[in-house]
K.L.:
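My questions all concern the structure below.
Hydrogens, waters and symmetry mates play no part in the numbers below; they use all other heavy atoms, side chains included. No experiment lies behind these values; they were computed from the predicted model shown. Note that ligands are numbered from 1 as they come in the structure, with each ligand's atoms numbered from 1 the same way.
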Amino acid sequence: MVEAVAFGKLILFGEHAVVHGQPALAVPLKALQATVTAEPAPSGSGLQILLPDVATPLRLETHDALSVTAQMVLNHLGVPEPDMVLRLTSTIPLQSGFGSGAAVSTALARALSLALGHRISREDLNAWVYEVEKIHHGTPSGIDNTVIVYERPVFFIRNQTLESFDIAKPFELLVARLGYATPTHITVGDVRTLYEHDPAAIQPIFDQIGIISRQARQAIESGDLTPLGHLMNENHALLRKLTVSDNTLDRLCQVALDAGAEGAKLSGGGRGGNLIVLANKNRAAVQEALLQAGAVEVIHTWVDES
Ligand code: PMV
């Protein structure tokens, strides 16, 4: 039996503007992971993909995201359908802005190729997972697959070569999960419509978010994290203007700030999903306040390079 994993991801700065050419910062979220095991199966049984709590296995003919991923791996390796069971488990909540889709595809491609005795390059894997992301997200920027496949902090600009960034001084974040979500393709589509109706008003918002991402990178690389909280708050205000926040996200950001956090912003597609909070001084109080205010879970994570 072989086993492969892939971590979730967190977008720190720049979501949505990244779809329109601005830089974004994202890091692996190692607290959450998807795991796929591969076991040989009786001759003639073909490839079966077992999902948690789903009785019927997926097969190559199903044409869902995971079987499409498996088919891409088989095509690339030039091998016929193997007799094999791929079993998926994942601690990454679906549609929460943690890159669940990209992570399960990545873990599956890794497990399948390992079981077939091949190592696939990160470049190939990244390209396939991006293709699969397009099935769900319409016009994804590619940030999810990139950070998940490379397992590195990324300074991501669409259609440009991968750029990582250094984390001079590791820092801690709280990640509050709201327990509901809006599909990313909806919010991305709404932002596109907003832009198409009034590019002169929306382009400066994208540009300003791009400036914030660059300033945040500089702060993280220099180890002087003082500006980070303020940059998060500014980024959240701009995401509000793009209409991708909602009352709950705004309320919980304010709750975190009132309880002593230095910064808070939505992370990912928005209108639900999750928010990230920088709370160096009053972390326990902030965590408690977020739970009291309705967050279904508050995850504590380190942002570092390990
Ligand atoms: O739903 P998420 O966390 O994967 O958000 C994706 C981030 C967006 O910038 C909104 C879309 C994209 O493709 O980059």
K.L.:
Between K265 and N233, is there a side-chain heavy-atom distance shorter than 4.5 Å?
P.N.:
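Result no, sub-4.5 Å side-chain heavy-atom pair not found.
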
K.L.:
Please say whether more than 12 non-hydrogen atoms of neighbouring residues, nucleotides or ligands are located less than 6.0 Å from CD in E39.
P.N.:
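Result for CD/E39: enclosed.
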
K.L.:
Give a yes or no on whether a salt bridge exists between D144 and K9, defined as a side-chain N under 4.0 angstrom from a carboxylate O.
P.N.:
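Yes, this pair counts.
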
K.L.:
Within 45 degrees of the axis of the six-membered ring of F165 and under 6.0 Å from its centre: does R217 put its NZ or CZ there?
P.N.:
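The answer is no, since R217 fails at least one limit relative to F165.
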
K.L.:
Please tell me if the side chains of M72 and E131 come closer than 4.5 Å, counting only heavy atoms from C-beta onward.
P.N.:
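The answer is yes, as the side chains (C-beta and beyond) meet within the 4.5 Å cut-off.
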
K.L.:
If you count only heavy atoms, which residues are under 4.0 Å from ligand 1?
P.N.:
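Around ligand 1, where the cutoff is 4.0 Å for heavy atoms, the contacting residues are K9, I11, E15, H16, V18, V19, G97, P140, S141, I143, D144, T184, V188, G268, G269.
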
K.L.:
Charged N to carboxylate O under 4.0 angstrom, K241 versus E234?
P.N.:
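Here K241 does not pair with E234 in a salt bridge, since their nearest N and O are not under 4.0 Å apart.
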
